[in-house]
Amino acid sequence: MTQGRSTPFTRRSFVGLVAAGLVGAATACTNDGTPDGDQQVVVSFLDEPGATAVLPAGNPAEIALTLSAAIFETAHVAVVATEDTAEALAPLATTAQLPLLIGTDQAVADELSRLGAATIVTADGTDLTELGEDLEILDVDPAAEDAAGPLPEVSIDETPTTAALLLDPDQELALDAVVARALVEAAGGTVTEVPGGDPRISGDTITAAQDAAGADPASGVFALGDSFGDAEQVIARLTAAMTVPQLPGGGQIAFPHRRMIAAYGTPGSASLGILGEQDLPATIERVQQLVADYEPHSDTPVVPAFEIITTIASSEQGGDGDYSSELSVETLREWVDGAGEAGVYVVLDLQPGTTDFLTQAKLYEELLLQPHVGLALDPEWRLKPGQRHMAQIGSVTAAEVNEVITWLADLTAENSLPQKVLILHQFRLSMITDRQDLDTSREELAITLHADGNGAPGDKLATWNTLQTDLPEGIFMAWKNFYDEDSPTFTPEETYAVEPRPWFVSYQ
């Protein structure tokens with residue numbers, strides 16, 4: 001037993017245990033018939049479960065051994081199954097609060113010895129002689145109405161384990177999940193489903209992860225399946241779930257767990273898009289109505305967004321000579337703060353002229369430190385020396401985009417921010433050169449390719465399909481609807497009928 005531990009007891013007829021030879025007969029009892037503080041606990045749980053780990057999918061025997069060693073301190077009665085009988089015996093182990101082990105090899109024998117198991121429960125006449133000659137074997141029928149009837153009554157530690165099991169319901173884990181769930185639930189631990197293996201995906205999974213992880217994500221959390229990554233990733237994601245702000249709509253991952261509908265434009269300028277056609281409150285109301293129009297056609301939650309043209313392509317050089325007019329942080333603050341209060345995501349759109357994207361992005365670092373603010377790069381307006389807006393269509397190299405990716409991802413990680421949307425606008429392949437070299441490895445960012453094509457439906461779809469040719473993995477697709485340039489403008493139902501269904505839709 002762990003030293004210095006206060007051990008509560010539940011009386012479950014110690015007479016039966018004495019008769020079975022599992023505990024000594026010389027046991028003092030209190031006046032109400034419960035055993036006193038010197039009584040031996042027959043099933044007890046470790047005060048400190050093992051270190052957080054990812055359980056090996058496809059090996060239920062190893063899963064059982066790992067969890068038994070990490071959760072149970074003693075168990076004088078244990079359930080031993082084969083892979084054929086494990087599913088049938090699992091409910092019995094859970095109900096009786098006993099460890100479940102699989103197989104008859106030396107590793108199982110060693111674990112039974114560590115537990116101090118003297119009685120083994122099995123089924124279908126499984127031969128357990130290899131586990132030891134002095135074991136009492138109880139062969140039960142797990143399908144019987146009272147399958148636990150033949151079991152000796154045991155005393156269970158009333159202090160449940162703090163261990164938690166994370167399961168990905170999207171994975172076919174079959175017996176693995178049955179075994180893992182049986183052991184954790186037998187000890188009074190929690191079982192949480194985490195679709196996709198990432199606890200940051202929604203407000204519900206974050207709340208569940210916070211409950212599961214307790215005070216220390218590095219201890220007592222067991223994730224089952226490859227989708228969780230390794231133990232380091234599990235700990236990092238659980239820590240984020242406990243500390244990082246959430247995005248509008250909940251969660252800390254932008255896509256694919258939500259879709260966004262955005263008003264595009266710049267404040268006070270009706271000619272650049274619908275965002276500037278009305279004031280802030282009316283724009284919030286307008287984009288919320290757009291979201292309501294899309295929700296019946298979406299299988300994923302839809303949240304409102306602004307895409308604000310923050311640096312505006314100009315025909316004039318301007319004071320800095322870059323043919324780009326930069327809105328001040330103070331001008332944008334009202335819109336960014338108002339959007340955040342209303343649950344609206346904000347994307348700051350850059351049209352840099354002859355300067356580079358990173359130089360302009362850094363001007364808005366103060367705003368990008370807010371959890372609901374992302375970034376968009378518009379290569380159409382990225383000029384080479386000697387080019388002019390509207391005379392040539394601009395372009396950007398993958399290397400320049402990667403500089404922004406590294407900076408923005410680092411900013412996000414260093415300031416414990418939720419994943420940021422990074423949009424790359426494009427309607428010609430030439431607008432992003434060496435696109436295959438884009439760095440899509442940073443999970444701090446949801447990199448999104450925004451198809452800016454306008455015109456007739458056939459033309460828009462042709463652009464959409466062309467832009468997906470040889471698109472690097474890990475990039476999400478976005479779509480733009482134009483009220484004036486499209487003929488006709490796609491309806492919400494038509495927009496969401498596009499394949500693949502766009503994750504981000506903006507209106508200009």
Side-chain angles (χ1 to χ4, degrees), residues 168-170 193-210 227 237 240-241 244-264 275 283-308 336 338-349 368 370-376 408-409 412 416-424 440 442-451 474-481 492-493 495-507:
D168 180 359
D170 298 333
E193 290 194 344
V194 181
D198 192 333
R200 304 169 298 169
I201 64 171
S202 71
D204 290 341
T205 58
I206 285 175
T207 298
Q210 290 171 342
S227 64
R237 290 172 175 178
V244 172
Q246 295 191 41
L247 295 165
Q252 299 160 343
I253 301 296
F255 308 130
H257 310 293
R258 81 200 70 232
R259 300 183 193 275
M260 294 184 184
I261 307 298
Y264 177 91
L275 183 140
T283 305
I284 291 173
E285 184 177 350
R286 184 171 184 176
V287 76
Q288 288 173 336
Q289 182 57 56
L290 281 171
V291 166
D293 294 339
Y294 273 84
E295 284 178 329
H297 310 293
S298 179
D299 55 354
T300 304
V302 184
V303 300
F306 291 164
E307 185 172 356
I308 302 176
V336 169
E341 292 169 3
V344 176
Y345 194 81
V346 175
V347 179
L348 304 179
D349 186 276
L368 288 165
Q370 297 201 41
H372 68 291
V373 180
L375 192 63
L408 187 60
T412 302
S416 298
L417 296 170
Q419 189 180 58
K420 288 192 175 294
V421 175
L422 175 62
I423 291 176
L424 309 178
T440 61
R442 297 298 298 266
E443 70 167 18
E444 295 91 349
L445 307 181
I447 300 177
T448 307
L449 187 74
H450 200 303
I475 295 181
F476 299 92
M477 290 298 295
W479 177 275
K480 181 179 283 189
N481 282 323
E493 183 175 7
T495 303
Y496 272 180
V498 173
E499 294 292 342
R501 183 173 295 178
W503 298 100
F504 186 99
V505 177
S506 62
Y507 276 82

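None of the values given here were measured: they were computed from a predicted structure.
Here the side chains of Glu193 and Pro169 are in contact, with some heavy-atom distance below 4.5 Å.
Atoms CD1 and CD1, from Ile447 and Ile475 in turn, are 6.0 Å apart once rounded to the nearest 0.5 Å. Leu247 CG to Ile253 CD1: the interatomic distance, rounded to the nearest 0.5 Å, is 8.0 Å. A distance of 6.0 Å separates CG in Leu408 from CG in Leu375, rounded to the nearest 0.5 Å. Rounding to the nearest 0.5 Å places OG1 of Thr205 at 7.5 Å from CG of Asp198. Between the CD1 atom of Ile201 and the CZ atom of Arg258 there is a distance of 9.5 Å, given to the nearest 0.5 Å.
When all heavy atoms are compared, the tightest approach of Ala209 to Ala241 is CB-CB, 4.3 Å. Of all the heavy atoms in Pro248 and Gly343, the pair that sits closest is CB-O, 3.3 Å. The shortest non-hydrogen separation linking Tyr264 to Ser506 is CB-CB, 4.3 Å. Closest of all the heavy-atom pairs between Pro245 and Gln252 is O-CG, 3.5 Å. Of all the heavy atoms in Val194 and Pro199, the pair that sits closest is CG1-N, 3.4 Å.
Contacts of Ala305 classified as side-chain contact (heavy atoms from CB on, under 4.5 Å), with partners at least two apart in sequence or in another chain: Met260, Ala262, Tyr345, Phe504. For Glu443, the side-chain contact (heavy atoms from CB on, under 4.5 Å) partners two or more places apart in sequence, or in a different chain, are Arg200, Arg237. Evaluation of the salt bridge (Lys or Arg N to Asp or Glu O under 4.0 Å) rule for Lys420 yields no partner, not counting sequence neighbours. Partners of Asp170 by side-chain contact (heavy atoms from CB on, under 4.5 Å), not counting sequence neighbours, listed by chain and number: Asp168, Pro195.
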Got a list of side-chain donor-acceptor pairs under 3.5 Å for residues 296-303, not counting sequence neighbours?
{"unit_1": "Ser298", "atom_1": "OG", "unit_2": "Thr300", "atom_2": "N", "d": "3.0"}
{"unit_1": "Ser298", "atom_1": "OG", "unit_2": "Thr300", "atom_2": "O", "d": "2.5"}
{"unit_1": "Asp299", "atom_1": "OD1", "unit_2": "Arg259", "atom_2": "NH2", "d": "3.4"}

Could you go through residues 284-292 and list every donor-acceptor pair under 3.5 Å that involves a side-chain atom there, pairing it with any protein atom two or more places apart or in another chain?
{"unit_1": "Arg286", "atom_1": "NH1", "unit_2": "Glu277", "atom_2": "OE1", "d": "2.8"}
{"unit_1": "Arg286", "atom_1": "NH1", "unit_2": "Gln278", "atom_2": "OE1", "d": "3.0"}
{"unit_1": "Gln289", "atom_1": "NE2", "unit_2": "Asp293", "atom_2": "OD1", "d": "3.0"}

| task | Evaluate side chain to side chain contact (heavy atoms under 4.5 Å, CB included) for Trp503 paired with Thr448, printing each intermediate quantity in order. | result | CA-CA 8 Å; Trp503 298 100; Thr448 307; 5.6 Å; no

| query | Can you list the steps and then say if His372 with Val346 is a side chain to side chain contact (heavy atoms under 4.5 Å, CB included)? | reply | CA-CA 6 Å; His372 68 291; Val346 175; 4.0 Å; yes

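Gln246 places a side-chain N or O within 3.5 Å of a backbone atom of Gly251 that can act as its donor or acceptor partner.
Under a cut-off of 6.0 angstrom, the local environment of CD in Glu493 is sparse, with at most 12 non-hydrogen atoms contributed by other residues, nucleotides or ligands.
Here the options are Val421, Asp349, Leu275, the test is side-chain contact (heavy atoms from CB on, under 4.5 Å), and the partner is Glu307; only Asp349 passes.
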